[in-house]
> 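Please find one structure pasted underneath; my questions will follow.
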Amino acid sequence: MKPLQLQNLLRKRIFEVVAERFGVQLEQIQAESPPNIKLGDLAFPVAFEIAKKIKQTSGEKRNPREIAENLKALILDGETSLNERIERIEVAGAGYLNVFYNRPAMLADLARDFDALQSLETEQKRRLTAEKICVEHTSVNPNKAAHVGHLRNAVLGDTFVRLLKSQGKNVEVQNYIDNTGVQVADVVVGFMHLEKMDLNAIIELDKRLAEEGKSFDYYCWDLYTRVGQAYQAEESLNEKRAEVLHAIEEGGNEIAELADYVATRNVRCILATMERLGIRYDLLARESEILHLKFWQRAFEEMKRRNVIRYETEGKNAGCWVMPLDAHEGTEEHDTDKILVRSNGTVTYTGKDIAYQMWKLGLLDLDFNYEIFHTYDDGKKVWVTTSKSVETDEETPHFGKNDIVYNVIDSRQSYPQEVVKRSIAAISPEKGERASIHLSYEMVALSPAAAEELGFVLSEEEKKRTFIEMSGRKGLGVKADDLINLLEEKALAEVEKRHADLTAEEKKRIAKTIAVGALRYFLLKYTRNTVVVFDFKEALSFDGESGVFCQYSAVRANSIFRKLEQNEVEKAVQIVREEQEKTAEILNREDDIWALLMLASKLEETIDNAVNLAEPAVLAKYCFNLARNFNLFYHNHRIISEQDAVKRAVLIVTADVARRSLIKALSLMGIEVPERM
RNA sequence: GCACCCGUAGCUCAGAUGGAUAGAGCGUUUGACUACGAAUCAAAAGGUCGGAGGUUCGAGUCCUCCCGGGUGCACCA
């Protein structure tokens with residue numbers, strides 16, 4: 001029995017006893033970890049709750065300690081399955097009910113559970129329900145290279161996907177490609193009017209860049225910055241932008257073709273960047289298809305049919321179709337209404353977003369056509385939406401029709417996301433607001449020092465700021481590939497120092513794994529609503545609370561097991577089960593071993609917690625904590641040289657449980673453990 | 001002006017559902033490699049949890065007000 005199951009069993013039992021004995025119905029039974037392992041493994045502050053209830057109903061004042069004392073005896077009475085797993089229950093503090101597990105029994109259970117780790121996968125498949133969850137993340141404008149801000153989005157989204165999948169959920173990963181927006185138009189203006197290039201010239205440029213080892217998205221990054229400057233210098237260029245944007249949206253012309261080439265090239269670059277971090281997608285949903293396949297028109301009809309939008313005939317929004325959002329307060333009557341169709345008949349961004357969200361949730365009676373965009377090394381395919389129907393040998397997966405959609409978008413878009421959510425709820429009350437979840441996070445900004453390191457000249461006012469927002473238009477930002485390159489170089493130097501004997505290829509592979517670990521952990525350790533003020537020193541750190549720290553801990557754990565004999569773990573499990581008395585004596589004496597075991601057993605509830613809060617940082621903190629605890633254990637005990645057979649077995653089983661949890665936790669963050677480092 | 005987020009150690013951050021002595025990392029000081037790997041470990045110093053009220057057995061956490069910082073609030077995307 002796992003600790004989580006035991007905990008739930010206890011909850012149920014306490015609920016029954018409390019109802020029987022005190023006539024009190026508790027809504028929920030809270031359980032928490034005592035501050036110190038000497039105080040027990042699980043604490044129930046339930047007596048306080050009961051005292052409160054009694055006072056509320058009868059006015060009678062009862063002492064929580066006394067209530068706890070009463071409960072203590074009753075909980076285990078006649079409960080054989082609980083008695084086997086629980087050593088004792090104590091009343092502590094002002095009335096806590098502290099539960100002490102039977103340590104050897106739990107160790108044997110944990111060893112068994114990890115024995116059956118393989119069956120976990122089959123169990124997960126069993127838990128695969130019909131419920132389908134969509135996670136949309138990355139969604140970088142395809143007009144330039146990705147920067148660290150985009151990485152935060154992608155790493156958060158990808159880790160969340162891994163968490164959901166580990167719970168056996170059916171997940172679809174989408175990456176929205178805004179290939180017909182102003183940002184792409186800007187770069188197209190740059191190519192056409194600053195560079196005087198046509199499509200062929202761009203293709204030539206692309207080839208030349210490849211030969212020089214330069215990347216297309218970096219070129220676009222610089223060009224985009226130049227366009228931004230040119231707009232300010234030349235008024236006339238703004239008209240060109242409007243022309244270009246219109247042509248791109250329209251489609252079927254030379255400008256649109258050029259734009260498609262540029263956008264698609266950038267998408268390939270961005271996908272390659274993300275692949276370096278182990279981030280992949282199922283579907284690239286493009287805005288061009290949302291336009292050309294008339295998703296908006298269908299959504300518009302549907303909203304009119306369901307009477308959820310309104311045509312304004314007077315007031316400042318006259319001539320527009322608006323989504324009334326009455327729950328918002330506003331002094332003027334229609335102040336908070338959101339315009340979806342402008343008076344000139346064109347649709348706003350929010351309108352398109354609602355149509356896309358409707359499709360994701362299966363509320364639109366239309367579908368895209370699909371073709372394969374890219375095949376990863378291991379054969380996994382990314383699909384992309386297209387307008388034309390394509391014949392493929394491959395069976396197209398069923399995209400869309402999700403039950404729940406998580407949109408990973410930074411917090412600056414909270415308001416439009418709120419509009420989308422509420423609009424969906426208006427269109428489909430059955431789906432309601434719970435179907436659309438904005439997984440929001442704060443931006444990654446630059447410290448003034450970091451901006452200067454990147455070669456930017458700051459004004460006196462900017463130097464005083466706590467952070468400076470990154471800006472694609474200004475070219476101000478840390479490019480993702482640059483950062484990964486820096487990390488790989490630094491890691492390689494460290495590997496070189498320690499393992500000069502390895503082949504160049506091995507060293508490089510290890511350096512890559514370390515770089516990914518450092519970067520992904522760095523982006524995950526902050527909670528979502530913390531602004532990450534990017535600092536090179538912190539991002540490049542391999543010490544302290546870092547991915548490297550966790551990896552190192554796992555590497556050392558693995559190296560113990562590499563040195564053990566073939567069947568040593570199995571034998572240790574056997575010994576631990578047979579020698580319960582001696583095992584008990586060891587575990588009861590050595591709290592640090594027991595503490596590590598308890599922590600390692602909490603991965604599953606940590607995952608549940610992280611998913612419920614949609615907060616991957618919960619997992620990162622857990623992982624670091626587990627690594628720290630393992631290091632302590634590693635420092636305190638010699639495993640291989642331990643002479644006492646039972647002690648040795650206990651140490652082996654504990655180390656094994658801990659390292660498996662650690663490796664699993666790391667893999668959920670997309671972090672691998674190298675053989676050596 | 002309105003809405004949302006933040007304010008915790010010198011710095012960067014954890015503290016979900018109110019619970020026992022508010023925790024990490026970095027930095028500082030001191031100590032530990034003849035060891036299953038020192039990318040590590042041990043120890044010390046460091047706090048009126050922005051301020052003031054309130055709710056209650058109990059508040060960093062909930063409520064009100066104030067101060068300070070951030071982000072949104074387009075017929076832009």
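Chain letters run A, B, ... following the sequence lines, proteins first, then strands; residues in each count from 1.
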> Describe the nucleic acid contact of A/Ala318 in one word from base, sugar-phosphate, nothing, applying a heavy-atom distance below 4.0 Å.
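Answer is base: heavy atoms of A/Ala318 come under 4.0 Å of a base.
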> Keeping A/Tyr521 on the side-chain end and A/Ala620 on the backbone end, is there a donor-acceptor pair under 3.5 Å?
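Yes: the side chain of A/Tyr521 pairs with the backbone of A/Ala620.
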> In whole angstrom, give the distance that lies between atom CD of A/Glu418 and atom P of B/rC5.
11 Å
> Give the dot-bracket string for RNA chain B, reading 5' to 3', where a pair is Watson-Crick or G-U wobble with both distances under 3.5 Å, ( ) marks pairs inside the strand, [ ] marks pairs crossing earlier ones, | marks a partner on another strand, and . marks unpaired.
(((((((..((((.....[...)))).(((((.......))))).....(((((..]....))))))))))))....
> Can you confirm if the NZ or CZ of A/Lys525 lies within 45° of the ring axis of A/Phe624 and under 6.0 Å from the centre of its six-membered ring?
no
> By the salt bridge (Lys or Arg N to Asp or Glu O under 4.0 Å) test, which pairs, at least two apart or in different chains, include something from residues 530-556 of chain A?
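Residue pairs with at least one partner in residues 530-556 of chain A: A/Glu545-A/Lys621.
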> Identify whether any heavy atom of A/Asp535 sits under 4.0 Å from a base atom; if not, whether one sits that close to sugar-phosphate; answer base, sugar-phosphate or nothing.
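No contact at all - A/Asp535 keeps every heavy atom at 4.0 Å or more from the nucleic acid.
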> With a 4.5 Å cut-off on side-chain heavy atoms, are A/Gln167 and A/Asp608 touching?
yes
> Assign A/Asn98 to base, sugar-phosphate, or nothing according to its heavy-atom contacts below 4.0 angstrom with the strands shown.
base
> Could you tell me how far apart A/Ile290 (CD1) and B/rA77 (P) are, to the nearest whole angstrom?
14 Å
> Between A/Glu538 (CD) and B/rA24 (P), how many Å, whole number?
19 Å
> Parallel under 30°, tilted from 30 to 60°, perpendicular over 60°: which one fits the rings of A/Trp321 and A/Phe300?
perpendicular
> Heavy atoms under 4.0 Å is the rule here; annotate nucleotides 37-47 of chain B 5' to 3' with B where the base is hit, S where only the sugar-phosphate is, and - elsewhere.
BSBSSS-----
> Determine whether a donor-acceptor pair (N or O, by modelled atom type, separation under 3.5 Å) exists between the side chain of A/Asn179 and the backbone of A/Arg286.
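No, the answer is negative, given that no donor and acceptor are paired below the 3.5 Å cut-off.
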> Looking just at side-chain N and O atoms, do A/Thr159 and A/Arg520 make a donor-acceptor pair shorter than 3.5 Å?
yes
> If you check the A/Tyr526 side chain, which of B/rA20, B/rC13, B/rA35 turns out closest?
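Nearest to the side chain of A/Tyr526 among the choices is B/rC13.
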> Taking A/Arg65 for the side chain and A/Gly93 for the main chain, is one N or O donor matched with an acceptor at less than 3.5 Å?
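Pair found, side chain donor or acceptor close to backbone of A/Gly93.
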> Write down the distance separating the P atoms in B/rA59 and B/rG51, rounded off to the nearest Å.
16 Å
> What does A/Ser343 touch in the nucleic acid at a heavy-atom separation under 4.0 angstrom: a base, only the sugar-phosphate, or nothing?
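Base contact.
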> Within the 4.0 Å heavy-atom criterion, would you say A/Lys525 contacts the bases, only the backbone, or no part of the nucleic acid?
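Since no nucleic acid heavy atom lies under 4.0 Å of A/Lys525, the category is nothing.
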> By the 4.0 Å heavy-atom rule, please label A/Ala43 as base, sugar-phosphate, or nothing.
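Answer is base: heavy atoms of A/Ala43 come under 4.0 Å of a base.
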> In whole Å, I'd like the distance from the CG atom of A/Leu524 to the C1' atom of B/rC13.
15 Å
> Does A/Lys508 reach the main-chain N or O of A/Leu492 with its side chain, forming a donor-acceptor pair under 3.5 Å?
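Absent.
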> Please measure how far the P atom in B/rC49 lies from the corresponding atom in B/rG60, and state the result in whole Å.
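8 Å, rounded to whole Å.
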> Both A/Lys537 and A/Ile639 contact RNA chain B. Which one's nearest nucleotide lies toward the 5' end?
A/Lys537
> Side chain of A/Pro34, heavy atoms from C-beta onward: which of B/rA77, B/rA20, B/rU71 has the nearest atom to it?
B/rA20
> Evaluate the ring planes of A/Tyr634 and A/Phe630, with Trp represented by its six-membered ring, and classify them as parallel (under 30°), tilted (30 to 60°) or perpendicular (over 60°).
tilted
> Between B/rU30 and B/rC66, how many Å separate the two P atoms, rounded to a whole number?
50 Å
> Using the C1' atoms only, state how far B/rG70 lies from B/rA24, rounded to an integer number of Å.
25 Å
> Nearest-Å distance, CZ (A/Arg412) to P (B/rA77)?
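Those two atoms, CZ and P, are 18 Å apart.
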> Strictly below 4.0 Å: does A/Thr530 bring a side-chain N or O up to OP1 or OP2 of B/rG7?
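Answer is no, no contact under 4.0 Å.
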> Rounded to the Å, how far apart are A/Arg528 CZ and B/rC5 C1'?
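Nearest whole value for this atom pair: 12 Å.
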> Quick test: give all pairs of protein nitrogen or oxygen and nucleotides 67-69 of chain B nitrogen or oxygen below 3.5 Å, distance rounded to 0.1 Å.
none

> Using distance alone, with no hydrogens and no angle criterion, decide if A/Thr513 and A/Glu672 have a side-chain donor and acceptor under 3.5 Å apart.
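Per modelled atom types, A/Thr513 and A/Glu672 side chains form no pair under 3.5 Å.
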> Contact class for A/Phe48 vs. all strands (heavy atom < 4.0 Å): base, sugar-phosphate, or nothing?
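Here A/Phe48 touches the bases of the nucleic acid.
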> Under 4.0 Å: is that the gap between some side-chain N or O of A/Lys52 and OP1 or OP2 of B/rU56?
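So the side-chain polar atoms of A/Lys52 never come under 4.0 Å of the phosphate oxygens OP1 or OP2 of B/rU56.
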> Taking only residues two or more places apart in sequence, or in another chain, which ones meet A/Arg659 in a side-chain hydrogen bond (donor to acceptor under 3.5 Å, both in side chains)?
A/Asn558, A/Asp656
> Quick one: A/Asn529 CG to B/rA16 P, roughly how many Å, whole number?
13 Å
> If you assign A/Phe633 and A/Lys352 each to the RNA chain B nucleotide with the nearest heavy atom, which residue ends up on the more 5' nucleotide?
A/Phe633
> For A/Glu442, enumerate each residue passing the salt bridge (Lys or Arg N to Asp or Glu O under 4.0 Å) test, keeping only those at least two apart in sequence or located in another chain.
none
> Please say which of A/Thr530, A/Leu523, A/Asn529 ends up in a side-chain contact (heavy atoms from CB on, under 4.5 Å) with A/Tyr526.
A/Thr530
> Over how many whole Å does the gap from A/Leu523 atom CG to B/rU12 atom P extend?
18 Å
